Amino acid sequence: MIARAGMITRAFRVFFFLLILPCAFINAQVSFHSDSISFRYDSEGKDVHKNYSHSIDSLRTLLKSNTDSVHKRKIKSVLHGELQSEAKNNYDSAHYEKSALLYEEAFDMGTGKGLKAMGANNLLYNAGCSWALIGEKEKAFADLEKAIDNGWSDLNLLKTDKDLASLRSEKAWFALMAKFQTTEKIHTYLKGIFFGILFILFLNYLFLFFSVKDTSLLYYSLFLLFGALTQINTVPESGTYFFHLLPGLKALLSKFDSSIFYASMMMLFYSLFTRKFLDLKEKFKKKDKWMKFFIAYSIVNILLTLIGHGWSHGGAAFLFTFIISLTCLKKGNRQVKYFVLANSIYFMAFLAALTIALVNLFNSGQTSGFQDFTLVPDLVGLVASATLLSFVMGNKINALKTETIRAQEKALVVLEERVVERTTELVKEKNEVVRQKILVEEKQHEIVDSITYAQRLQQAILPPLSEINLHFPESFVLYLPKDIVAGDFYWMYATKGYVFIAAADCTGHGVPGALVSVVCSNALNRAVKEFGCLDTGKILDKVSELVIETFEKSGEEINDGMDISLMRVQRNRGGEVAGRRTEPGSVRAESTEIQWSGANNPLWIIKDSVLTEVKADKQPIGKSKERKSFTSHFIKVTKGVTIFLITDGYADQFSEEDKKLMKRRFKELLLSVQDKSLPEQKKLLAEHHTKWKARVEQTDDVTVIGLKL
């Protein structure tokens, strides 16, 4: 293990030594460029640029006569720059032949250097333009074709440059365009391959993120995505095939005038990835503070970019995160070493691109074509580092899976032990549950028996239906308790002069409601029998007093009571209800008068398919904030009239769609069955109630009394 660690350390030392070489090379180029300035002056200190021909001839002579390789290279570099300056000067002065020859000489000199000048193809293009302007078409086509062979790629300039107007009618022009397009297509294919790899890696990391839920994978996938978008935005022709695959991509990129936004997004996600991958938050807390500051700075820059005031900080961002990763190497974390190795590859590619740009600047003075030439090393470095990190992340995922499997195996052993313990406990608990179940069933049976007996007692306070039919032959009572016992009840009492009938709804339902119903039913009986109340309004007033008095005896605050619809019908001398047939052959009275009072529950009267509602007083029987006397209504009813006394249970029933029936639908239902007899109406009302609630639990007790006088 120690030997292996030593090998890794030595490998890193070699690697970082190689990493420094490009930087040293750039420094040498800068020094060389500074030293070469001395050749711009003669022995007397006069600027030889005042006479370009003399300067170039002198430099040519010096180059031929000098044998020192270093000195000769410096002279050659200065001569290369002077040739370009002289060529441009002649071009501007319309000395096109001399300009073309100087551009060609500068190109030939540049191609002989150790590192080929990046802008050399521009020299040939300028030479071709010069030849075209003096009618030397063959020489012009030869230089243009050679420029294309050396990587010149500005198709738009080739088509629009006025200096080349004389060539566009020649057959050789079409051959040149065909060659250009073939060469460009090859370049586009090569760039497309790199972008394809980038997008595949982007999708790979994205799918891995959805698989293992590690946010570092998401950050790196977005880093790759915005890295590709940055390159496409910088060199649009490199994304030609992606524009075909994704038509909306070009429109998206066109919303921003530069690649600063995409580069800023790229570095933001790279910083987030670095922080997560290296676990700075837990293992390197001091460095994490700097990283969080830089992330915040990147976000601010992105926002400024959106309004046109952002600045490019990609190089600084990459260098910052790279330095942080280097400082984390001291911890000996293997994952950090792989991270530094992968990103060093990208850093070397970045330095290579920068070296190409600087060498071109020093050697040829040209900056055009920078993106084309720096794109390749940048893409290669990005793809190489991302590929290496793919293996690193794969190992990380495998390690996580291995740890998960081990943890699961350990958990299974612990679980088995707990299962054995828990099984023993469950057996004991089961025996106890069985015992408790038996006890509960016994208690439940006793409770049900008690409630069932209470039902018999409650039914004893209800008037027999035979007695109701005696006084009201054409009538029905629909009584549907929610539970075994109910808070609803119906009541009837007959004196010598009157018959009283009521539908009442006490507070609550079930056993509590049933107990209240006993109190309220007893109060109705006392109000009529004991206190001799015959007016319906006074009866309800007295009942309210009796109910309040009964509940106040407990010494506790009890606000229970009831809603009621109470009707009084006058009896004739024979004892029958007024309007009834008294003997065979007699004629039913055409009309009679009833008295009615209500506490919250109304009275409905239907005559000739028209339903009239007599509204009740808006107060219950029992305690009320503003107690007032109940109103006694005198109503004249005629032959064919049907009267309904109801509680709110029927209208309040919910359906499976969570819809309440409501009084409106209840009224419509009553009107729709008026052509039926009262027993048939009862049957239809019961069926409709069952169908409406379906599998929904009954909401409340239901009481509906229908009768004809």
Side-chain angles (χ1 to χ4, degrees), residues 29 32-33 36 39-40 49 52-53 55-64 72-155 157-158 161 163-164 167 172-173 175-177 179-180 183-184 187 355-374 376:
Q29 289 291 331
F32 167 55
H33 183 67
S36 66
F39 283 91
R40 298 167 68 94
H49 281 129
Y52 287 105
S53 298
S55 173
I56 291 173
D57 291 339
S58 300
L59 289 169
R60 285 171 179 161
T61 303
L62 283 172
L63 184 63
K64 290 178 181 180
K72 192 172 184 178
R73 188 169 68 251
K74 292 181 179 181
I75 297 170
K76 190 175 182 181
S77 177
V78 175
L79 176 58
H80 185 263
E82 296 298 335
L83 286 170
Q84 292 184 68
S85 299
E86 178 68 1
K88 186 177 184 304
N89 185 57
N90 280 279
Y91 189 89
D92 294 340
S93 302
H95 299 145
Y96 297 119
E97 182 176 1
K98 189 173 182 181
S99 173
L101 293 171
L102 289 169
Y103 273 128
E104 288 177 348
E105 184 180 355
F107 172 78
D108 293 336
M109 182 173 292
T111 56
K113 296 182 180 182
L115 184 61
K116 185 176 180 180
M118 188 175 69
N121 48 45
N122 290 322
L123 301 176
L124 287 173
Y125 176 80
N126 293 337
C129 291
S130 298
W131 289 124
L133 288 169
I134 59 175
E136 295 286 347
K137 297 181 180 180
E138 291 184 5
K139 293 182 179 180
F141 278 120
D143 281 344
L144 290 174
E145 186 174 350
K146 198 172 181 181
I148 292 173
D149 290 338
N150 279 271
W152 192 83
S153 60
D154 195 340
L155 178 62
L157 181 60
L158 191 65
D161 197 334
D163 294 347
L164 301 177
L167 303 181
W173 175 262
L176 180 70
M177 292 298 294
K179 183 172 184 178
F180 181 91
T183 305
E184 180 61 20
H187 292 166
T355 299
I356 292 173
L358 292 175
V359 168
N360 175 70
L361 180 63
F362 295 147
N363 289 342
S364 67
Q366 298 289 330
T367 59
S368 59
F370 172 79
Q371 293 88 347
D372 284 335
F373 283 86
T374 58
V376 174

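Remember, it's a predicted structure, so these values are computed and weren't measured experimentally.
Atom-to-atom distance recorded for E86:CD and S93:OG is 8.5 Å, nearest 0.5 angstrom. Taken from CD in E104 to OG in S99, the straight-line distance is 10.0 Å, to the nearest 0.5 Å. Note: L83 CG to K88 NZ = 15.5 Å, rounded to the nearest 0.5 Å. Atom CG in N89 sits 9.0 Å away from atom NE2 in H95 (nearest 0.5 Å).
By the 4.5 Å heavy-atom criterion applied to side chains, Y125 and L164 are counted as neighbours. For the pair Y96/E136, no side-chain contact is recorded, criterion being any heavy-atom separation below 4.5 Å from C-beta on. Using a 4.5 Å heavy-atom threshold, the side chains of E105 and L102 count as touching. Looking only at side-chain heavy atoms (C-beta outward), K98 and Y91 stay at 4.5 Å or farther from each other. Residues L144 and L167 meet the side-chain proximity criterion, which asks for heavy atoms closer than 4.5 Å. A 4.5 Å side-chain heavy-atom check between D143 and W131 finds at least one atom pair inside the cut-off.
Residue A132 comes nearest to A140 through the heavy atom pair N-CB, 3.8 Å, listed as atom of the first residue, atom of the second, then distance.
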